[in-house]
Amino acid sequence: MAIAAKAPSSASGGELQKIEALLGGSRVLARRLTNALDAHELLLNGLPALALDHLVGNLVVIGKNESLEKAVGMSLRTWQRRKETPSKPLSQEQSGRAWKFAEILAKATDIFGSQAEAEQWLERPAVGLDQRRPIDLLGTPAGVELVEDHLDRLEYGIYA
């Protein structure tokens, strides 16, 4: 199930730079993201496998477990196999899910003040999500939208 990534169309330059940094920056992505179309083209062609390695390798709280599988749609075993062929880009679906996870993590980091706090929030049941963990909702487009809406409410001080 492909997740429609609305991130590239709605992300500002600053947000793009945060997402780019979570995915390894221009060194890993082999280009700078200056606008939403750059992000779109990158995702169409597939993120480099190293971008997912960078994202996963720099997680502070979230482990390489089933939570991560829900977030990026790739089992730990598949991720380990992908590391054996680092030159092969991720599929469009995998790229879109990795991008969306990076986007949500970047936004949550802005709201909570640190990446560690953002990751803890992703792992804890949320009152505004009917006591569901945000990370568990990232497996479907509807769940992603719920998490994004909840983050928007948190950002503007509306907690329920």
Side-chain angles (χ1 to χ4, degrees), residues 1-76 78-79 82-83 86 88-123 126 133-152 154-155:
M1 173 184 301
I3 291 183
K6 67 180 179 184
S9 63
S10 63
S12 71
E15 292 168 344
L16 280 175
Q17 302 316 309
K18 291 172 187 172
I19 297 165
E20 179 182 338
L22 284 169
L23 295 171
S26 59
R27 180 185 58 78
V28 169
L29 301 178
R31 68 191 300 176
R32 297 245 359 128
L33 301 179
T34 58
N35 58 45
L37 284 175
D38 287 345
H40 170 75
E41 290 296 323
L42 180 67
L43 295 174
L44 268 182
N45 295 319
L47 287 172
L50 286 175
L52 183 59
D53 291 346
H54 188 273
L55 178 62
V56 171
N58 286 291
L59 292 173
V60 180
V61 175
I62 298 172
K64 299 174 193 89
N65 55 26
E66 65 186 52
S67 292
L68 181 62
E69 184 174 346
K70 291 174 186 174
V72 298
M74 185 182 296
S75 71
L76 180 58
T78 300
W79 178 65
R82 290 302 312 246
K83 290 175 83 166
K88 182 179 176 189
L90 300 176
S91 70
Q92 283 184 12
E93 180 180 355
Q94 291 166 336
S95 296
R97 295 214 27 199
W99 176 276
K100 183 53 73 176
F101 179 63
E103 178 189 22
I104 287 171
L105 182 58
K107 183 170 187 160
T109 299
D110 283 348
I111 292 168
F112 293 104
S114 75
Q115 184 174 323
E117 287 292 324
E119 289 181 38
Q120 288 172 3
W121 174 80
L122 283 163
E123 291 271 305
R133 297 181 329 148
I135 199 160
D136 292 337
L137 298 172
L138 299 182
T140 68
V144 167
E145 189 172 330
L146 287 168
V147 172
E148 289 175 324
D149 289 347
H150 186 63
L151 278 171
D152 287 341
L154 290 173
E155 184 174 23

Completion exercise
Scanning both residues in full, the closest heavy-atom pair of E119 with N58 reads OE2-O, 4.3 Å
Exercise for the section: Using a strict cut-off of less than 4.0 Å between a Lys/Arg side-chain nitrogen and an Asp/Glu carboxylate oxygen, indicate whether R31 and E41 qualify as a salt bridge. Expected result: no
Practice task
Find the distance between CD (Q115) and CD (Q120) and round it off to the nearest 0.5 Å.
Solution key: 11.0 Å
Exercise for the section: Could you tell me whether the side chain of I104 reaches within less than 4.5 Å of the side chain of L122, counting heavy atoms only? Expected result: yes
Exercise for the section: Hey, could you give me the CG/CG distance between L23 and L105, rounded to the nearest 0.5 Å? Expected result: 10.0 Å
Practice task
Measure the CD-CG distance between E148 and L138 for me, rounded to the nearest 0.5 Å.
Solution key: 9.0 Å
Problem - Partners passing side chain to side chain contact (heavy atoms under 4.5 Å, CB included) against A108 (at least two apart in sequence or in another chain) - result: F112, A118, W121, L151
Practice task
Considering non-hydrogen atoms only, spot the tightest contact between S95 and G46 and give its length.
Solution key: OG-CA, 3.2 Å
Problem - Minimal non-hydrogen separation, A102 against L22, with atom names - result: O-CD1, 3.2 Å
Practice task
Start with the C-alpha gap between F101 and L59, add the side-chain angles, then the distance that decides, and say whether side chain to side chain contact (heavy atoms under 4.5 Å, CB included) holds.
Solution key: CA-CA 12 Å; F101 179 63; L59 292 173; 4.1 Å; yes
Handout entry: L29 side, atom CG; I19 side, atom CD1 - distance, nearest 0.5 Å
Key = 11.0 Å
Handout entry: pair L44-Q92: side-chain heavy atoms closer than 4.5 Å
Key = yes
Problem - Backbone N/O of V28 and side chain of H54: donor-acceptor pair under 3.5 Å - result: no
Practice task
Indicate yes or no: at least one non-hydrogen side-chain atom of I62 is less than 4.5 angstrom from one of E123.
Solution key: yes
Problem - Nearest-0.5 Å distance that lies between atom CG in L50 and atom CG in L55 - result: 12.5 Å
Problem - Sub-4.5 Å side-chain heavy-atom contact between L146 and H150 - result: no
Problem - Minimum heavy-atom distance P134-V147, with the two atoms named - result: O-CG2, 3.5 Å
Handout entry: Ion pair check, K18 and E15, cut-off under 4.0 Å
Key = no
Problem - Inter-residue atom distance T34.OG1 - E20.CD, 0.5 Å rounding - result: 9.0 Å
Problem - Minimum-distance pair of heavy atoms, taken over all atoms of K88 and A49 - result: O-CB, 3.7 Å
Handout entry: Any side-chain heavy-atom pair of M74 and L90 under 4.5 Å
Key = yes
